[in-house]
Every structure is written in C-alpha cells, then in structure tokens.
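Below is one structure; the comments refer to it alone.
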Amino acid sequence: MTRLSDIMETQGKLLYSKLFHKHRQVEVALNCSILSWKEIERSRKRSSGISNSAETAHSHAVQVCEIVSVCKTDEQENTKTRRSRTNAEQPSQLYPHAFTVSCVRRTRQHRWRCSDVTFHSANQGLCEQWIQVINEQLSLLTNRPKSLLVYINPFGGKRHGKRIYERKVAPLFGRACISTDVIVTERANHARDHLKTEANLDKYDGVVCVGGDGMFSEILHGLITRTQTDSGVDQKQPDAELVPCSLHIGIIPAGSTDCICFATVGTNDPVTSALHIIVGDSQPMDVCSVHHNDTFLRYSVSLLGYGFYGDVLTNSERTRFLGPARYDLSGLKTFLSHNYYEGTVSFLPAENNVGDPRDKLQCRSGCPICQHKPSSKDVQCEMSEKKEKSDEDVSGGWRAIRGRFIAINAASMSCACPRSPQGLSPSAHLADGTTDLILVRKCSRLDFFRHLLRHTNKEDQFDHSFVEVHRVRKFRFQPQQHELVSLEDLSVSPISSAQTTYNYSTSHSRWSCDGEILPHAAIQVSVQCQLIRLFARGIEEQQQCLLEDPCTLWALEPSTH
C-alpha cells in the first residue's frame with residue numbers, strides 16, 4: 001500500500017510538516033487548493049506480544065477556498081488549556097507554539113459552521129511560515145469580499161435583525177478581516193433610496209441585507225436602479241436591455257419570510273449565509289421586470305401571483321396586526337371564497353435547451369442549464385418579438401390562452417420554503433433566463449385543494465387536467481372586464497344553485513410581486529437573464545464533509561517535478 005508520505009514526496013506541495021493535532025502527531029500538507037492532515041501510522045504491540053498491527057490513520061482535508069482565516073493561537077489560551085490537562089506529559093507542553101485554521105464545516109440540512117483546527121509545533125518560525133503561506137493563498141482568491149455595505153432592518157420578522165447581525169455575523173466578518181459599513185434602516189425603502197442616490201458603491205465589493213424578503217427587495221431595486229442610472233439605461237422602457245449589477249448581494253435571513261435565501265442556499269440560517277459571503281460564493285440570478293403599458297412597476301425574482309396568491313396577500317394586508325399568522329387566516333378565507341378570474345395570457349415560450357418545468361431536473365449548485373446563456377441568435381429573435389403588441393397575435397412564436405383562472409403564477413425560482421420543500425415549481429431555475437408560467441384553470445374546490453396539497457409533498461403538482469405550465473421568456477396578461485361570479489356552473493339544479501355563493505365584487509384580482517401588491521392587473525413581464533449575483537452557490541446536491549481520503553485528491557494534482 002502506498003504510504004501517505006510517499007505520495008506527498010512525489011506531488012508538488014507548498015508546505016509539508018509533521019505537527020501535533022489533538023495530542024496526536026499528524027502529517028500536514030498544503031497545495032494550491034487543498035489543506036490536508038493525517039495521523040501518522042504507528043505500530044503497536046499487542047498485549048500478548050505475538051504480533052504487531054498498524055493503528056488506523058484518520059485523514060482530513062479542506063479546500064483552501066473554504067478556509068475562513070488562519071492565525072497564531074493565543075499563548076495564554078494555550079497555557080490555560082495545557083494546565084487543564086491531568087496528564088503531565090501532554091504533547092502540547094512539548095510543542096508550545098500553535099496556529100489555528102478556521103474553515104467551513106458542513107452539518108445537517110445544508111447548514112455550515114465555522115470549525116477551528118489547531119496545530120502545535122516546537123518551532124515558532126514554522127508556525128509563522130504556515131500562517132504566512134496560507135494567508136498568501138487566501139489573498140489569491142479575488143472573489144472574496146474585503147469591504148461590504150450592510151443594511152439592517154430592525155423591524156422585520158421578530159425584530160431580531162440587529163441582534164442576529166451583532167452576535168452571529170459580525171464576529172465572523174471580523175475573523176475574515178472584512179471591513180463593513182453598517183446602516184440600520186429607519187423607515188420603509190430607506191435602503192433602496194440610499195443605494196439609488198447616496199451610497200458610494202465604488203468602496204464596496206458587495207451589499208448585504210439583514211432582514212427578510214421585503215428587505216432584499218429594497219436592496220434589489222436600489223442596486224438595479226443605481227446601475228441603470230450610472231449606465232444611462234432607462235429602466236422605465238419595457239424593451240430596455242438592462243445592465244447587470246457588478247456588486248454581489250448577500251442575504252442574512254432575519255425576517256418573517258426568507259424564501260429567496262432558502263431557495264439559493266437551502267436553509268434559513270444566518271451563520272451559513274455569512275460563511276457563503278465570506279468565501280465569496282457567486283450565484284447569478286434572473287430578474288423579471290414588470291411593466292404596465294410603458295410604466296415600470298417593480299422587479300421580481302421569485303413569485304408573481306394573480307388570483308389566489310394575489311387575493312391572499314391583499315386580504316392579509318388588512319390584518320397585519322396578527323403578524324405571520326395573518327397569512328394562514330387569509331389563505332383559508334381566500335380558499336373558501338374560491339374565486340376565479342377571466343383574462344388572456346400571452347407568452348413567448350423558451351427554446352428547448354433550457355429544459356422543461358416537468359423534467360424533474362432541479363436547479364442545484366453548478367447547474368448546467370443555468371450555465372447556458374442565450375446565444376446572439378436567440379437575442380436577435382427576441383428583439384424582433386418585442387415589436388409584438390397584440391395579445392391575440394400568436395405569430396412570431398407568441399402564444400395566447402384565454403380562459404377562467406383560479407391562479408396565474410410566474411415562478412422564477414422553485415419558491416421552496418420550509419412549508420413547501422419542493423416549492424411552486426420544483427424544476428424552475430435561478431439563472432436560465434426564463435420563468436415558469438403556471439395556469440390553474442377553473443375547477444372544483446376539492447380539485448384545487450388537491451393541487452395545493454401537492455405543494456407540501458413530492459407528487460407532481462402539475463399532473464391535473466386543470467393545470468398547465470410553460471417555461472417562458474416573456475408574458476403578458478390582460479384581464480377580462482366583467483363581474484366576478486362563483487366557480488359553480490350556472491346550469492345547476494335549483495337545489496344546488498341555492499347552495500351556491502356568488503361574488504359580484506370587482507372583475508379582477510391583484511398581482512402579488514414578491515410579497516408586494518401591484519396597482520394594475522394588466523401587466524407585461526420580461527425576464528432579464530442573470531441581472532444580479534448573490535453571495536451564494538445554489539443548493540448543494542449532497543452534504544459534503546471534510547474529505548476522508550486526501551490522498552485521492554492529491555493524486556489529481558499535477559506534479560511540479
């Protein structure tokens with residue numbers, strides 16, 4: 001069997017030393033991408049004295065890009081630790097100098113933690129050399145932020161945003177030597193307005209929001225608007241080609257809803273999000289621009305909902321004093337009302353190479369579909385489509401569907417959350433330049449309940465005759481202006497009709513745009529491909545741990561000899 005030391009001798013390593021870790025001697029090696037350590041195999045004589053056996057050697061490795069920091073271990077702490085040992089011959093007494101590597105450790109459910117690994121040596125100069133070389137490798141990681149602009153919403157969620165940042169996030173930023181300018185917002189749209197006009201963005205590598213989805217929306221609108229203004233682009237024009245934002249956005253979840261963080265990281269955990277920011281992860285994201293005629297309304301990155309979800313949000317605004325519970329109450333009320341709305345949906349389907357909403361190919365870290373950008377041919381084709389103005393005109397690739405809908409939803413991401421682990425569109429992608437248009441036609445209350453129930457499990461929620469889904473690059477909606485009636489068919493028996501509830505209220509619903517109500521029902525939506533980037537990497541397919549066999553990775557490194 002090839003020994004670890006033999007492999008290390010043949011590979012190009014930046015550093016290699018025999019140090020002590022947890023009172024055991026280990027071989028520690030560093031190359032440009034991996035830091036590894038392994039217990040030195042030792043022979044033991046069995047108590048019978050008949051034979052010898054090699055002790056099982058434990059090996060570990062961490063990627064250099066996931067090292068948070070490295071520093072000299074505090075001597076006083078070292079001494080205190082040594083005095084607490086009952087054994088007078090602990091190796092730490094013979095090797096008093098030490099350095100500590102802080103790195104990412106993966107735990108359950110996509111959560112990350114900062115783990116400290118301390119190595120001891122008798123040679124102070126050797127420890128300083130390790131610190132210097134590791135820091136040199138970290139300095140080569142140009143994607144890591146060095147300066148951040150942080151906005152904290154002190155009112156969102158349970159009003160814990162400021163405390164979460166100060167106790168859980170700021171210490172990690174300090175350990176990683178990231179400088180921050182912190183602004184605690186004082187009113188609604190404070191962060192948006194500051195980003196649009198006052199902030200000196202040249203000073204920063206990214207913008208961080210501490211709050212929920214509403215706070216993220218403020219940062220999103222402020223940063224995109226500022227970018228278009230600085231680039232001379234008029235975002236009010238529906239056909240404008242928007243300029244991607246250069247600064248990354250980081251999300252520290254601290255709100256009542258944190259769907260965007262959950263869909264891009266896999267968990268709503270402040271420490272995990274802080275570590276993604278520190279290591280400089282980068283996840284591109286599409287943004288939908290929403291217009292009414294030639295009037296710009298809002299940007300959306302998650303869900304545009306008309307009908308059911310629009311009514312839920314509209315009703316919940318009347319009971320904000322109930323807190324998050326208002327969504328449950330409003331949802332029940334809206335479900336029992338069981339309204340439907342007439343209108344025409346026109347859309348431009350996406351090409352086949354971006355997959356299908358029912359292909360069960362979920363968007364994960366390193367997603368190949370999101371890595372495919374529209375070609376110049378696609379862009380030219382879309383430019384010609386922009387001249388299409390009539391909802392009834394289905395030429396040039398546009399399609400039009402007229403009907404009665406309980407819900408019209410456009411999901412630009414899975415919209416997964418703890419209550420709906422698969423989301424409204426499980427196969428929607430973060431950065432493929434499309435949105436999944438879900439049309440739920442008129443149906444019975446029981447059928448609609450079955451559809452909603454599938455949001456909470458792994459069954460195909462689109463497998464109903466009254467549901468259809470399309471992957472699109474653009475869409476328009478025009479409501480039909482007439483009085484709203486109940487879902488029950490009007491040609492029912494007198495006995496049945498007596499039990500039918502009629503609603504002769506307004507003829508249209510309201511659009512919910514990432515948790516905000518739009519003032520117009522007639523809208524046109526264009527997907528802006530990869531307009532922003534988050535400090536995230538998408539949901540990892542498997543929970544990765546520290547590598548058990550670094551020899552395998554070392555063998556993949558090209559030799560420098």
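As a basis for the values below, the full set of heavy atoms in this structure was taken, side chains included, without hydrogen atoms, waters or symmetry mates.
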Side chains of [Y] and [X]: any donor to acceptor distance under 3.5 Å?
X	Y	answer
D286	S412	no
Q422	E459	no
Q132	E128	no
R111	Q109	no

Handout entry: side chain to side chain contact (heavy atoms under 4.5 Å, CB included) partner of L195, the single match among L201, I183, T227
Key = L201

Is [X] reaching over with its side chain to a backbone N or O of [Y], donor-acceptor style, under 3.5 angstrom?
X	Y	result
T264	I260	yes
S17	L19	no
T435	A411	yes

Fill in the blank from the handout: With sequence neighbours left out, the residues meeting side chain to side chain contact (heavy atoms under 4.5 Å, CB included) with A263 are M413, S414

Completion exercise
Contacts of R192 meeting side chain to side chain contact (heavy atoms under 4.5 Å, CB included) (sequence neighbours excluded), chain-then-number -> N189, K196, E218, H221

Practice task
Report the C-alpha separation of S217 and D514 in whole Å, then their side-chain angles, then the decisive distance to 0.1 Å, and conclude whether the side chain to side chain donor-acceptor pair (under 3.5 Å) test is met.
Solution key: CA-CA 8 Å; S217 182; D514 292 2; 5.5 Å; no

With sequence neighbours left out, write down each residue that passes side chain to side chain donor-acceptor pair (under 3.5 Å) with [X], or none if nothing qualifies.
X	answer
Q461	H455
Q25	none
R159	none

Point-to-point distance, once rounded to the nearest 0.5 Å, from [atom1] of [X] to [atom2] of [Y]:
X	Y	atom1	atom2	answer
I532	Q530	CD1	CD	11.0 Å
S121	K18	OG	NZ	13.0 Å
H194	R226	NE2	CZ	9.0 Å
T272	R106	OG1	CZ	10.5 Å
F119	W130	CZ	CH2	7.5 Å

Give a yes or no on whether a salt bridge exists between [X] and [Y], defined as a side-chain N under 4.0 angstrom from a carboxylate O.
X	Y	answer
D181	K203	yes
D116	R175	yes
D460	R358	yes
R471	D436	yes
K38	E27	no

Handout entry: Audit row: S147, D205, side chain to side chain donor-acceptor pair (under 3.5 Å) steps and yes/no
Key = CA-CA 6 Å; S147 179; D205 302 309; 5.6 Å; no

Practice task
Determine whether more than 12 heavy atoms belonging to other residues, nucleotides or ligands lie under 6.0 Å from atom CZ of R113.
Solution key: yes

Practice task
Inspect the surroundings of NZ in K22 and state if more than 12 heavy atoms from other residues, nucleotides or ligands are less than 6.0 Å away.
Solution key: no

Practice task
Name the orientation class of the two ring planes belonging to Y165 and F173 (parallel below 30°, tilted from 30 to 60°, perpendicular beyond 60°).
Solution key: perpendicular

Exercise for the section: Decide yes or no on side chain to side chain donor-acceptor pair (under 3.5 Å) for T73 and T100, but give the supporting numbers first. Expected result: CA-CA 6 Å; T73 305; T100 299; 2.7 Å; yes

Practice task
Run the numbers on L30 and V133 for side-chain contact (heavy atoms from CB on, under 4.5 Å), then give the verdict.
Solution key: CA-CA 9 Å; L30 173 71; V133 175; 3.7 Å; yes

Practice task
Output every pair passing ring-ring contact (aromatic ring centres under 6.0 Å, His included) with a member in residues 242-278, not counting sequence neighbours, ordered by first then second residue.
Solution key: W112-H276, H248-F535

